[in-house]
Structures are given as structure tokens and as C-alpha cells.
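Structure first, then comments.
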2 protein chains.
Amino acid sequence: MVTSTHPIPPEDSRSQQLDLTFGALSDPTRRSILARLASGPSTVGELAAPFAMSRPAISKHLRVLEQAGLVSTTRDGRVSRCSLDARPMRAAADWVAFYRVFWEQQLDALSRWFEEGEPSS
Amino acid sequence: MVTSTHPIPPEDSRSQQLDLTFGALSDPTRRSILARLASGPSTVGELAAPFAMSRPAISKHLRVLEQAGLVSTTRDGRVSRCSLDARPMRAAADWVAFYRVFWEQQLDALSRWFEEGEPSS
DNA sequence: TGTACTGGTAACCATACGGTTACCAAAATA
DNA sequence: TATTTTGGTAACCGTATGGTTACCAGTACA
């Protein structure tokens with residue numbers, strides 16, 4: 001057996017927040033809800049209307065988004081009003097940005113391949 | 001009943017790729033594997049060593065990453081060598097970047113709150 | 001006051017996820 | 001050839017996810 005000399009540290013709260021953020025973004029319905037909220041706060045009913053899906057399903061998606069801190073809800077009378085809070089996305093964007101150099105380099109490699117494989121046309 | 005005037009279109013392949021990408025990134029083990037691969041290709045054994053986790057578990061994570069196109073594997077003899085392919089992250093980064101203006105604006109609001117709530121110190 | 005509307009909760013279902021152990025196949029090597 | 005090593009597959013388990021229907025609570029309003 002090979003005991004690792006480079007153990008992985010336990011997951012800290014930053015990492016857990018990334019779990020929640022990326023997890024919340026991994027569903028098309030939730031991304032669609034966020035896109036809708038980007039043009040302003042909205043009631044749950046308004047949010048649910050475009051979807052061929054029951055209210056409870058939307059409620060669950062909203063709870064996932066709240067859990068991730070991406071949506072905040074305030075109840076005013078019998079109407080729940082949801083609004084976007086994009087701040088948790090910042091850490092996610094930073095995490096992904098680290099890999100920008102890699103995908104650019106890989107696109108460069110693709111370009112070179114085309115240049116060599118398909119010389120001056 | 002209110003039939004929506006803004007139906008949600010069916011999920012296209014771009015959106016499905018985002019599902020896979022964000023889903024793959026939502027697990028700390030997989031993010032850790034990607035970080036490891038950022039410093040160069042690696043065998044499955046080398047990848048698995050740091051984790052207090054069985055090989056099949058790592059294999060499953062690798063399959064999720066391959067499914068998302070983030071890792072490519074070539075088998076050379078009895079050794080599998082994995083390498084990073086960051087290109088699918090580009091679309092994810094673009095998607096999140098759309099919300100940059102929102103989180104910056106919300107951070108600005110926070111700053112203003114501090115300035116007003118805690119005047120010249 | 002009765003009724004309709006907004007939204008949430010409970011219970012349920014099927015499937016996916018993240019992990020395990022046990023086992024197998026192919027390649028390298030003594 | 002026998003053995004070790006690398007890695008994958010199969011079967012299983014508990015829990016989470018994404019959806020449903022049925023029902024409930026509070027608010028607005030005729």
C-alpha cells in the first residue's frame with residue numbers, strides 16, 4: 001500500500017460554497033431562473049409561469065438557489081419576491097479563471113494544427 | 001390557469017454541456033483532480049494516491065470528468081494517463097461572466113453602505 | 001364572512017450520485 | 001510460467017435530486 005505523501009486537506013467552507021454554487025448552476029431550470037432574475041426581481045408565480053413544471057418543483061429549485069446564496073426571497077403579504085444575488089458567483093468565476101491559460105493554450109494548439117495541416121490557401 | 005407567453009425553449013446541446021461542466025465542477029474531489037492535472041498529465045494511480053478513497057471511486061470521478069470533456073485519457077500499456085482539457089470551461093466562464101456586473105454592483109452597494117453607515121473614521 | 005389566489009409543505013416515486021467491496025483482465029516482470 | 005501491478009467493472013448501499021399529487025396556511029377581496 002502506498003500511503004500518500006500529499007494528502008488532500010479536508011474541505012473548507014470556501015470549497016463547500018463552490019460545491020453549492022457549481023451545483024446550483026448545473027441545472028438548466030435554475031440557470032434560466034437566474035437569467036430571468038437578471039432583469040429584475042420577480043414573484044414566484046412569475047418565475048414559474050414559463051416552465052412546464054409544477055409549482056413545488058420551482059419551489060425546490062428556488063430553495064437550492066437560496067441555499068447557494070444566489071437568490072434572496074422576501075415575503076410581502078402573500079407574494080414572495082425573489083431577487084438575484086450574484087456575489088457567490090465571484091468565487092466560481094475566479095476558480096474557473098485559473099484555467100483560462102489552459103483553454104487559450106489549447107485553442108492556440110488547435111490554430112497551429114490548422115496552419116500546419118492547411119497551409120496558405 | 002395562466003398559459004405562459006414566454007415558454008422556455010428545450011435544452012440545447014450548449015446548455016447540456018453547461019450542465020455537464022458545472023456538474024463536474026460541483027465536487028471537491030473532481031476540482032482537486034483538475035488542479036492536479038493543471039501541473040501536467042498523470043496516471044490514474046498518481047491521481048488516486050492523495051485521496052482517502054478507493055480506486056473505483058476515483059475511476060467514477062474520472063469518468064464524470066471525461067463525460068464533461070474536461071479530462072482525456074489515453075491508455076499506454078497497462079497505465080492510463082490522464083490530461084487536462086480545459087476548453088469546456090470557456091463556455092462556463094462566459095456564462096458566469098455575464099453576471100459580473102451584478103456582483104460588482106452588489107459589492108459597490110456594500111461599500112456605499114459602509115461609507116454611509118460608518119462615516120470618516 | 002366566504003372565497004379565491006399565492007405559495008409552501010408532506011409524502012411519494014424513479015433515478016442519479018458518491019461511496020464501498022469483490023472480482024476480473026491485461027501488461028510487466030521475477 | 002507464475003506473480004505482481006494497474007486499472008476497470010459489477011453489484012450493492014444510503015442519500016440526494018428532480019419531479020409529481022394532495023393538501024394546508026395566510027392574504028386579499030367580493
Side-chain angles (χ1 to χ4, degrees), chain A residues 1-4 8 10-11 15-16 18-34 36-37 41-68 70-83, chain B residues 1-4 8 10-11 15-16 18-34 36-37 41-68 70-83:
Chain A
M1 176 195 171
V2 178
T3 300
S4 169
I8 296 292
E11 195 180 13
S15 183
Q16 285 177 28
L18 284 179
D19 295 358
L20 290 175
T21 305
F22 283 128
L25 299 186
S26 72
D27 182 275
T29 302
R30 291 194 291 263
R31 287 198 305 276
S32 197
I33 289 174
L34 292 173
R36 171 68 183 73
L37 290 177
S42 179
T43 70
V44 172
E46 291 167 353
L47 284 178
F51 295 97
M53 197 180 301
S54 67
R55 290 298 180 87
I58 299 292
S59 276
K60 285 190 180 184
H61 283 303
L62 286 174
R63 223 162 296 124
V64 172
L65 290 167
E66 287 170 15
Q67 205 73 13
L70 292 165
V71 163
S72 62
T73 303
T74 64
R75 192 144 198 189
D76 172 32
R78 72 180 163 180
V79 175
S80 276
R81 188 154 272 100
C82 306
S83 55
Chain B
M1 174 192 174
V2 179
T3 300
S4 169
I8 297 293
E11 196 180 11
S15 183
Q16 285 176 27
L18 284 179
D19 294 358
L20 291 175
T21 305
F22 284 127
L25 298 185
S26 72
D27 182 274
T29 302
R30 291 194 290 265
R31 288 197 305 275
S32 197
I33 289 174
L34 292 173
R36 169 69 182 73
L37 290 177
S42 178
T43 69
V44 173
E46 291 166 353
L47 283 178
F51 295 96
M53 199 182 295
S54 67
R55 289 298 180 86
I58 299 293
S59 275
K60 284 190 181 183
H61 284 303
L62 285 173
R63 223 163 295 125
V64 171
L65 290 167
E66 287 169 16
Q67 206 72 16
L70 292 166
V71 163
S72 63
T73 303
T74 64
R75 192 145 198 189
D76 171 32
R78 70 177 165 184
V79 174
S80 275
R81 189 156 268 99
C82 306
S83 55

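Chain A is the first sequence line, chain B the second, and so forth, proteins listed ahead of strands; every chain is numbered from 1. Worth knowing before you read on, the calculation uses all heavy atoms, side chains too, and leaves out hydrogens, waters and symmetry mates.
Regarding A:Phe51, its CZ atom lies at a distance of 17 Å from the C1' atom of D:dT20, rounded to whole Å. Going from atom CZ of B:Arg63 over to atom C1' of D:dT9 covers 8 Å, rounded to whole Å. Between the P atom of D:dT17 and the CZ atom of B:Phe22 lies a distance of 17 Å, rounded to the nearest Å. Going from atom CG of B:Leu62 over to atom C1' of C:dG18 covers 14 Å, rounded to whole Å. Between B:Ile33 atom CD1 and C:dG18 atom C1' there is a gap of 12 Å when expressed in whole angstrom units. With rounding to whole Å, A:Leu20 atom CG is found 13 Å from D:dA16 atom P. Rounded to an integer number of Å, the gap from CD of A:Gln16 to P of D:dA16 is 14 Å. Remark: C1' of D:dT17 and CG of A:Asp19 are 15 Å apart, rounded to the nearest angstrom.
At the heavy-atom level, B:Arg81 lies nowhere under 4.0 Å from the strands shown.
Environment of CD in B:Gln67: sparse, with no more than 12 heavy atoms of neighbouring residues, nucleotides or ligands closer than 6.0 Å.
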Once base and sugar-phosphate atoms are separated, protein heavy atoms under 4.0 Å mark nucleotides 19-27 of chain C, 5' to 3', with B, S and - as BBBB----B
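Pairs engaging residues 21-31 of chain B under the salt bridge (charged side-chain N to carboxylate O under 4.0 Å, His left out) rule: A:Glu11-B:Arg31, A:Asp19-B:Arg31 [sequence neighbours left out].
Side chains of B:Leu34 and B:Leu25 form a contact here, defined as non-hydrogen atoms less than 4.5 Å apart. Side-chain contact check for B:Lys60 versus B:Pro56: every heavy-atom pair is 4.5 Å or farther apart.
With hydrogens and angles ignored, the 3.5 Å screen pairs a side-chain donor or acceptor of A:Ser26 with a backbone N or O of A:Gly23.
Taking B:Thr73 as the reference, B:Glu66, B:Val71, B:Ser80, B:Cys82 meet the side chain to side chain contact (heavy atoms under 4.5 Å, CB included) condition, with sequence neighbours excluded.
Between B:Ser80 and D:dG8, a side-chain N or O to OP1/OP2 separation shorter than 4.0 Å is present. Between B:Ser59 and D:dG7, a side-chain N or O to OP1/OP2 separation shorter than 4.0 Å is absent.
Atoms CG and CD1, on A:Leu65 and A:Ile58 in that order, are 10.0 Å from each other to the nearest 0.5 Å.
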